[in-house]
Number of protein chains: 2
Amino acid sequence: MLTKRQLLILKEIVRLYTETGQPVGSKKLLEQLPIHISSATIRNEMVHLEDQGLLEKTHLSSGRIPSLRGYRYYLDHLVEPSSIDANDLAVIETSFDQSYHEIDQIVAQSAKILSSLTNYTAISLGPELKDLKLTGFRLVPLNDDQVMAILVTDNGTVENHIFSIPSGIDGDSLEKIIRIINDQLVGLPLMEVVNKLHHEIPQLLTKYMITPEGFLDIFGGVLKKAAQERYYVGGKMNLINTSTLKDVDQLKALYSLIDQNQDLGQIIGAPADQPIEVRLGDEMTNDLLKNFSVITATYNVSEHGRGMIALLGPTSMPYSRMIGLLDVFRAELAKKITDYYRHHGD
Amino acid sequence: MLTKRQLLILKEIVRLYTETGQPVGSKKLLEQLPIHISSATIRNEMVHLEDQGLLEKTHLSSGRIPSLRGYRYYLDHLVEPSSIDANDLAVIETSFDQSYHEIDQIVAQSAKILSSLTNYTAISLGPELKDLKLTGFRLVPLNDDQVMAILVTDNGTVENHIFSIPSGIDGDSLEKIIRIINDQLVGLPLMEVVNKLHHEIPQLLTKYMITPEGFLDIFGGVLKKAAQERYYVGGKMNLINTSTLKDVDQLKALYSLIDQNQDLGQIIGAPADQPIEVRLGDEMTNDLLKNFSVITATYNVSEHGRGMIALLGPTSMPYSRMIGLLDVFRAELAKKITDYYRHHGD
DNA sequence: GTTAGCACTCGAAACTGTTAAGTGCTAAAA
DNA sequence: TTTTAGCACTTAACAGTTTCGAGTGCTAAC
């Protein structure tokens, strides 16, 4: 059990350390604490906190820094989101003040804004696409042996993919195939599209093709690509600031992880119950993230599911400021996306 | 005027320095030179070379390194491309051994291969697009207020762009507009397309639109995007190795330059007379490149113009190896692209 | 013209001393 | 019993030294 005073000290140590980056000594605390106790008393209390595993020293006679357990305790019990800087708010609003064709543009922009605001790396993930509807599906013959498949969904996303026409199909048949597919699929929810694609459509197509399966697999691919959650990253380069830079190889590995745009799910994690959650390095699966920490904010877009935006930075981030910022940011982002849906209706 | 022996020494210094990264002293040269002269003689010769501005010292009693003038002289008169490593050649061939839908895929792949082979950054630019023909041009209505314009050129590139339909056009008119544009433009060389787009088409369209200009501007945009030379970069992260890393800001700036994918023309430069050219840092416009050097290789794809691939690395690159490698690489790349055209005909 | 020899220079690495920040502990004060 | 003042101790960081090795320029002899 921790006394009130110990909590106060722990909180102040986290605050000072995350803001200055320097280990916090008893003298510094003496100046900063709201209550007046001597540096000796502070030292005694720090020994207790260290015994509890909440503080660490970088070396025998150094000031204290929070341990991972200390951060965790702080985040679970002590942190108070600070209110957002007026200037930051203005930046958010003016940066979002554009018109967008696609949800993804808003999402991409959000990652840029957040990263430039924080000097960390931001990862943004649009609202869930689970009950997306297919509002448009086109097959466009490009030339003798290539067709472009275009897929438009009701969140404004347009996905396209080019593929070769299997041999043994003439132009006439192709036209008919396109008509069949268009007639049958446009307007349906994505899930149903996938369904039809595997059951009814192949039968309809056998008139014109011997093996429609390969042909349809390609659509499956585009669908998957469109339905796949897409991540946008802003401020990749800011990792350089964060990283200890001792280990260039590690930095490179982290970069290629992010550049793949693939496994970002493991960084951003699943939508949580809390609107804002913090995961510290050791709580994540990937070893590369050991020295990092991720703040994840979830937002709701009424019937359109939940989106997330995450901030990847050093474990010693100024959490109270960041959480305050993110809380406003997720609201602004949700507003912007809700607006989008309102104007592009569904 | 330089004597034969001086040339030999200069050449050896460049070779040793670019391979080891260490300044070269008289003793080291004594071991390596094909002729036998004493270290004292070598020192005397080095003084001459230094007087000519071809060598430098890092400090008073250090070994010599080539000056920029020294590199230039070496590259102009002395360098002998070394023959390619058998292993590297195998890597090139197996890496290219895939089938491609678009030229751009080959070009992108080439940058990846070259960067992984060299541990430097590679920038690849496909064959010139000047006398490209438009083989396909489609306008696909996506929904009530959006249209996708697709543009296919005879190098296999497909460019698409989504834009909003100007208000005051109904679906019927749009269909007609699409037909007009398709009938009039497909099959023409790009240059002619641009021409028609500004002269004949607007008149044809005035039937259905009050101001076709805005509508056509958008096509102009797509065209420009398609005709624009597109660069592919491989091994961005390798810049970290190269850079002195003292100056993180400089590294970041260089990255964002490359990430923009915009001004890469100033790095790669214009196609040159020589198949392979080297430009040293001070010969380039951008100050960020001061400590770098660029080896540019140009290749021909018969009637389809010339492409380029460039290697961005430190000034102290092992030129003879790199030039030997690039010479083979450009041939392989040209072969691959020529193959592509042969199979996808024009 | 070439070479051996030598005094000299400089960077890098190892070592030393000093300082400042911080600690733990003890004994006295509250 | 809790708090505080005081003191001895530890450590990182920094600034000097010292030493060593690699390399140079110069000179005198070959």
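Everything numeric in this text was worked out from a predicted model, so none of it was measured.
Where B:Thr58 and B:Ile37 meet DNA chain C, the nucleotide closest to each residue was compared, and B:Ile37 sits on the side nearer the 5' end. Both B:Ala40 and B:Leu60 sit near DNA chain C, but only B:Ala40 has its closest nucleotide nearer the 5' end.
If you take CD1 of A:Ile42 and P of D:dT2, they are 18 Å apart, rounded to a whole angstrom. A straight line from CD1 of A:Ile9 to P of D:dT3 spans 10 Å, rounded to a whole angstrom. As a whole-Å value, the separation of A:Asn44 CG from D:dA5 P is 13 Å. In this structure, NZ of A:Lys27 is placed 11 Å from P of C:dA20, rounded to the nearest angstrom. Atom CZ in A:Arg43 sits about 14 Å away from atom P in C:dA21, given to the nearest Å. Atom CD in A:Glu50 sits about 13 Å away from atom C1' in C:dG22, given to the nearest Å. At whole-Å resolution of the value, CG in A:Leu29 and P in C:dA21 are 15 Å apart. As a whole-Å value, the separation of B:Lys57 NZ from C:dC10 C1' is 11 Å.
At the phosphate of C:dC10, neither OP1 nor OP2 sits under 4.0 Å from any side-chain N or O atom of B:Ser61.
With contacts defined as side-chain heavy-atom distances shorter than 4.5 Å, the pair B:Val294/B:Ile268 does not qualify.
B:Tyr319 contributes a side-chain N or O that, together with a main-chain N or O of B:Thr315, makes up a donor-acceptor pair within less than 3.5 Å. The closest donor-acceptor contact from the side chain of A:Gln6 to the backbone of A:Thr3 lies under 3.5 Å.
A salt bridge links A:Glu283 to A:Arg72: at least one charged side-chain nitrogen sits closer than 4.0 Å to a carboxylate oxygen.
Checked against D:dG25, C:dT3, C:dG24, the side chain of B:Arg64 finds its nearest nucleotide in D:dG25.
Taking only distance into account, the side chain of A:Thr41 never meets the base of D:dT3 through a donor-acceptor pair shorter than 3.5 Å.
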